[in-house]
Protein chains: 2
Amino acid sequence: MTDLNSLLSPFFLNDKEIRKVIELLFFSYRDFTSGPDKILEKLNFGRAHHRIIYFVGKKNNITIKDLLLVLQITKQSLSRVLNQLVNEKFIIVSTGIDKRTKKLSLTEKGKKLENQLSTIQIDKIKRVINKYSEENINGFKEILYDMIETDNKKIFQQIND
Amino acid sequence: MTDLNSLLSPFFLNDKEIRKVIELLFFSYRDFTSGPDKILEKLNFGRAHHRIIYFVGKKNNITIKDLLLVLQITKQSLSRVLNQLVNEKFIIVSTGIDKRTKKLSLTEKGKKLENQLSTIQIDKIKRVINKYSEENINGFKEILYDMIETDNKKIFQQIND
DNA sequence: TAATTAAGTCAATATGACTGACCTAAATAG
DNA sequence: CTATTTAGGTCAGTCATATTGACTTAATTA
């Protein structure tokens with residue numbers, strides 16, 4: 001079955017080549033997160049803290065509800081990590097017009113950390129994609145985008161509106 | 001600073017666009033692993049089990065040492081998960097020519113699960129990249145490859161020798 | 001023979017996630 | 001204006017994945 005598919009599929013679409021893509025995703029994603037991880041470790045923070053800082057930085061005054069929508073974790077999970085960030089003054093909380101809601105934003109300290117973490121990843125991506133054509137880079141982004149599930153595509157669009 | 005960079009950089013290289021790439025990687029990777037996760041959950045397994053099954057399937061008769069090299073976790077971490085897979089007969093262990101080493105391979109039961117899990121991810125990738133040119137797909141793979149750290153590039157090559 | 005290597009184990013700990021139950025306060029719908 | 005829904009919080013218990021550190025055994029190699 002696999003043999004027949006290999007014969008019928010173009011080289012870049014046979015199972016063996018597709019498996020390489022699985023591995024490339026695994027290896028590249030791991031190395032992509034390892035840079036920030038080292039800085040976070042010194043602050044006794046983890047990847048969860050990074051994600052919160054990233055998305056609060058991205059969407060200033062984001063509510064808890066919307067942050068949960070992006071992160072797709074439970075509020076109990078968010079709670080511990082977010083409270084640490086608030087207690088240590090990386091994030092500041094204010095009340096929304098709808099007084100049930102809370103708005104999260106980065107403090108100066110938080111912005112500084114956000115910048116430090118993002119710079120590592122931004123520089124890495126820049127270094128890599130510099131070598132490629134606009135055509136290739138757009139293809140890269142489009143393929144990644146297509147790999148996102150429909151509902152999450154909407155969330156991606158929302159945070160980039 | 002960022003403003004100036006934005007003006008000087010081509011559109012696809014400015015920080016705002018690079019941040020989208022960060023998000024695309026986050027969202028796509030999460031959705032990429034979510035399919036197998038659902039199947040693993042029924043077996044009371046996690047992503048760690050998946051990775052072991054994947055790489056043992058990829059490199060038949062891999063030793064513990066080499067598996068640790070690929071996974072980059074401690075042997076104590078590997079131990080618990082691997083023992084579960086061995087106890088539940090997804091993986092079989094034999095002794096190497098060097099009698100200090102152990103060789104891991106998938107049982108029929110293990111191959112079946114490996115296939116079930118990989119098929120989800122292979123099909124997803126196929127569905128997505130079908131729409132793209134060979135040029136774009138090769139670009140996609142090359143960019144991912146370039147994002148891997150030097151030492152890990154070697155490991156990627158080793159498992160694909 | 002001594003040193004190194006491969007593998008395993010015991011113990012303690014951290015992080016990030018979960019479910020379930022329950023609460024308060026504010027907004028909104030009937 | 002009451003009833004319901006929504007946003008957020010909290011307590012308790014659990015699980016999965018990972019860590020460090022210390023130590024052991026057996027086999028290989030220098």
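Fair warning: this is a prediction, and the values are worked out from it, not measured in the lab. Chain A is the first sequence line, chain B the second, and so forth, proteins listed ahead of strands; every chain is numbered from 1. Side chains are part of it too, since the values below use all heavy atoms of this structure and drop only hydrogens, waters and symmetry mates.
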At a heavy-atom distance below 4.0 Å, what parts of [range] sit against DNA chain C?
range	value
residues 63-87 of chain B	B/Thr63, B/Ile64, B/Lys65, B/Lys75, B/Gln76
residues 29-48 of chain A	A/Asn44, A/Gly46, A/Arg47, A/Ala48
residues 150-161 of chain B	none

Verdict with supporting geometry, A/Glu17 and A/Lys20, salt bridge (Lys or Arg N to Asp or Glu O under 4.0 Å): CA-CA 5 Å; A/Glu17 287 301 307; A/Lys20 284 188 191 170; 3.2 Å; yes
Outermost DNA chain D nucleotides near chain A [under 4.0 Å, heavy atoms]: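 In short, chain A contacts DNA chain D from D/dT6 to D/dC11.
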Assess whether a salt bridge exists between [X] and [Y], defined as any Lys/Arg side-chain N lying under 4.0 Å from an Asp/Glu carboxylate O.
X	Y	value
A/Glu41	A/Lys38	no
A/Arg51	A/Glu114	no
A/Arg127	B/Asp146	no

Short side-chain N/O contact to C/dT15 OP1/OP2 from A/His49, under 4.0 Å: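 A/His49 to C/dT15 OP1/OP2: no side-chain N or O under 4.0 Å.
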side-chain contact (heavy atoms from CB on, under 4.5 Å) partners of A/Ile92, counting only residues at least two apart: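 Only A/Ser105, A/Thr107 meet the side-chain contact (heavy atoms from CB on, under 4.5 Å) criterion with A/Ile92.
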With sequence neighbours excluded, residues passing side-chain contact (heavy atoms from CB on, under 4.5 Å) with A/Ile120: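 Checked A/Ile120 against side-chain contact (heavy atoms from CB on, under 4.5 Å); matches are A/Pro36, A/Ile39.
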Closest heavy-atom contact between [X] and [Y]?
X	Y	result
A/Leu106	A/Ile91	CD2-CG1, 3.8 Å
A/Gln121	A/Thr33	NE2-CA, 4.1 Å
A/Val81	A/Ile52	CG1-CD1, 3.5 Å
A/Ile137	A/Ile129	CD1-O, 3.3 Å
A/Asn44	A/His49	O-CE1, 4.5 Å

Pairs satisfying ring pair (Phe, Tyr, Trp, His ring centres under 6.0 Å), at least one member in residues 63-90 of chain A, at least two apart: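 Listed by first then second residue: A/Phe45-A/Phe90.
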Check against ring pair (Phe, Tyr, Trp, His ring centres under 6.0 Å), B/Phe156 and A/Phe26: CA-CA 10 Å; B/Phe156 173 79; A/Phe26 170 67; over 10 Å; no
Pairing residues for B/Lys103 by the side chain to side chain donor-acceptor pair (under 3.5 Å) criterion, not counting sequence neighbours: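 Here no residue qualifies.
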Pair listing, side chain to side chain donor-acceptor pair (under 3.5 Å) test, anchored in residues 151-161 of chain A, at least two apart: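 Side chain to side chain donor-acceptor pair (under 3.5 Å) check on residues 151-161 of chain A returns A/Lys58-A/Asn160, A/Lys59-A/Asp161, A/Tyr145-A/Gln157, A/Asn152-B/Asp31, A/Asn160-B/Glu23.
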Hey, what are the protein-to-nucleotides 26-30 of chain C N/O distances that come in under 3.5 Å?
| from | atom 1 | to | atom 2 | distance (Å) |
| --- | --- | --- | --- | --- |
| C/dA27 | OP1 | A/Lys99 | N | 3.1 |
| C/dA27 | O4' | A/Arg100 | NE | 3.4 |

With A/Tyr54 via ring-ring contact (aromatic ring centres under 6.0 Å, His included) - residues at least two apart: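 By the ring-ring contact (aromatic ring centres under 6.0 Å, His included) rule, A/Tyr54 matches no residue at all.
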From CA spacing to verdict: salt bridge (Lys or Arg N to Asp or Glu O under 4.0 Å), A/Glu149, B/Lys124: CA-CA 10 Å; A/Glu149 298 295 327; B/Lys124 177 162 202 166; 2.6 Å; yes
Degree of bending, the helix from C/dT1-D/dA30 to C/dG30-D/dC1 (end axes from five pairs; round to 10°):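 One end's axis against the other's: 30°.
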